[in-house]
Amino acid sequence: MTGAGSLWSNSGNLYAGYSGASNTLLINNGGTVASASGYLGYTSVASSNVVRVIGAGSVWTNDGFLYVGYGGSSSTLVISNGGTVVNSAGYIGYLTNAINNSVIVTGTGSLWNNRSNDLTIGLGGSGNALLI
């Protein structure tokens, strides 16, 4: 999704790497993605999936939870240069096999907003990280 006014509205959940590896979603230059809940690396075989939210006005909104490494490993969410991610609660490494997942928030104005609930790092998995 790239460019101001670009919108992908998904009434269901968004999976970046349901059971696959090395998938990428890029939200850039004012693009917007809206979904019920978001999952990076859903099953145990899902690995190295990436979502990048780059630039002022670039937004990924989840009505529900956001999981970076629900069951998979080595997935990354990058929020940079004024990008915004909004969700109810956030999890980095949810299940026991969800290892080495990360969220990176970098650059002026970049924001990860867990608006109403918890932010949990390594609920079940190990080696998970939040870098700001």
Side-chain angles (χ1 to χ4, degrees):
M1 294 303 305
T2 188
S6 299
L7 172 64
W8 174 13
S9 183
N10 187 29
S11 62
N13 296 330
L14 189 152
Y15 298 90
Y18 184 88
S19 60
S22 301
N23 298 288
T24 300
L25 170 61
L26 175 63
I27 306 166
N28 193 18
N29 295 326
T32 299
V33 173
S35 53
S37 287
Y39 297 83
L40 277 77
Y42 186 72
T43 69
S44 62
V45 296
S47 65
S48 303
N49 296 291
V50 177
V51 172
R52 296 180 191 278
V53 183
I54 303 170
S58 301
V59 179
W60 182 18
T61 301
N62 295 282
D63 291 333
F65 296 167
L66 174 59
Y67 301 91
V68 179
Y70 180 81
S73 61
S74 301
S75 288
T76 304
L77 169 62
V78 178
I79 308 164
S80 66
N81 300 328
T84 300
V85 173
V86 179
N87 48 266
S88 173
Y91 297 93
I92 307 170
Y94 190 74
L95 299 177
T96 55
N97 52 338
I99 59 171
N100 299 326
N101 299 288
S102 61
V103 174
I104 301 166
V105 182
T106 183
T108 303
S110 300
L111 175 66
W112 184 17
N113 182 359
N114 293 281
R115 63 179 182 268
S116 64
N117 287 312
D118 299 330
L119 169 61
T120 304
I121 303 168
L123 179 68
S126 62
N128 299 289
L130 170 61
L131 304 150
I132 300 175

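Remember, it's a predicted structure, so these values are computed and weren't measured experimentally.
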Visitor: Please enumerate all residues that pass side chain to side chain contact (heavy atoms under 4.5 Å, CB included) together with Leu95, with sequence neighbours excluded.
Guide: Tyr70, Asn97

Visitor: Linking I/L/V/M/F/W/Y whenever any side-chain heavy atoms sit under 4.5 Å apart, do Ile92 and Tyr42 land together?
Guide: no

Visitor: Can you tell me how far the CG atom of Leu119 sits from the OH atom of Tyr91, to the nearest 0.5 Å?
Guide: 9.5 Å

Visitor: Applying side-chain hydrogen bond (donor to acceptor under 3.5 Å, both in side chains) as the test, list every pair that has at least one member in residues 44-58; sequence neighbours left out.
Guide: Asn23-Asn49

Visitor: Looking at Ser110 and Ser80, what are the two nearest heavy atoms and their distance?
Guide: OG-C, 3.2 Å

Visitor: Do you reckon Leu130 sits in the same ILVMFWY cluster as Val51, going by side-chain contacts under 4.5 Å, direct or chained?
Guide: yes

Visitor: Mind checking who shares a hydrophobic cluster with Leu111, ILVMFWY linked at side-chain heavy-atom distances under 4.5 Å?
Guide: none

Visitor: With sequence neighbours left out, write down each residue that passes side chain to side chain contact (heavy atoms under 4.5 Å, CB included) with Asn28, or none if nothing qualifies.
Guide: Thr2, Leu26, Ile54

Visitor: May I ask you to list the residues sharing a hydrophobic cluster with Val50, side-chain cutoff 4.5 Å, ordered by chain and number?
Guide: none

Visitor: Over all heavy atoms of both residues, which pair between Gly17 and Ala46 is shortest? Give the atoms and the distance, please.
Guide: O-CB, 3.2 Å

Visitor: So which atom in Gly69 and which in Ala98 form the shortest heavy-atom distance, rounded to 0.1 Å?
Guide: O-CB, 3.0 Å

Visitor: If two hydrophobic side chains count as joined below 4.5 Å and joins carry through other members, does Tyr18 share a cluster with Leu14?
Guide: no

Visitor: Check Gly122 against Asn128 and note the closest heavy-atom contact, atom names and distance.
Guide: CA-ND2, 3.9 Å

Visitor: Test of understanding: with side chain to side chain contact (heavy atoms under 4.5 Å, CB included), list the residues that count as partners of Asn87, not counting sequence neighbours.
Guide: Asn62, Leu66, Val85, Trp112, Asn114

Visitor: Output all residues satisfying side chain to side chain donor-acceptor pair (under 3.5 Å) with Ser88, sequence neighbours left out; order by chain, then residue number.
Guide: Ser116, Asn117

Visitor: Would Val59 end up clustered with Val53 when hydrophobic side chains under 4.5 Å apart are linked, directly or stepwise?
Guide: no

Visitor: State, without any angle test, whether Ser35 and Trp8 hold a side-chain donor-acceptor pair at a distance under 3.5 Å.
Guide: no

Visitor: How far does OH of Tyr94 sit from OH of Tyr67, to the nearest 0.5 angstrom?
Guide: 5.0 Å

Visitor: Output the rest of the hydrophobic cluster of Ile104: all Ile, Leu, Val, Met, Phe, Trp and Tyr residues reachable through side-chain heavy-atom contacts under 4.5 Å, sorted by chain and number.
Guide: Val78, Leu131

Visitor: With sequence neighbours excluded, tell me which residues meet side chain to side chain contact (heavy atoms under 4.5 Å, CB included) with Ser126.
Guide: Ile99

Visitor: Are Leu40 and Tyr15 in one and the same hydrophobic cluster, where Ile, Leu, Val, Met, Phe, Trp and Tyr link if side-chain heavy atoms are under 4.5 Å apart?
Guide: no

Visitor: What's the shortest heavy-atom distance between Arg115 and Val86, and which atoms?
Guide: NH1-CG1, 3.2 Å

Visitor: To the nearest 0.5 Å, what is the distance between CD1 on Ile27 and OG on Ser6?
Guide: 11.0 Å

Visitor: Where the side chain of Asn10 meets the backbone of Val33, is there a donor-acceptor pair that is under 3.5 Å apart?
Guide: no

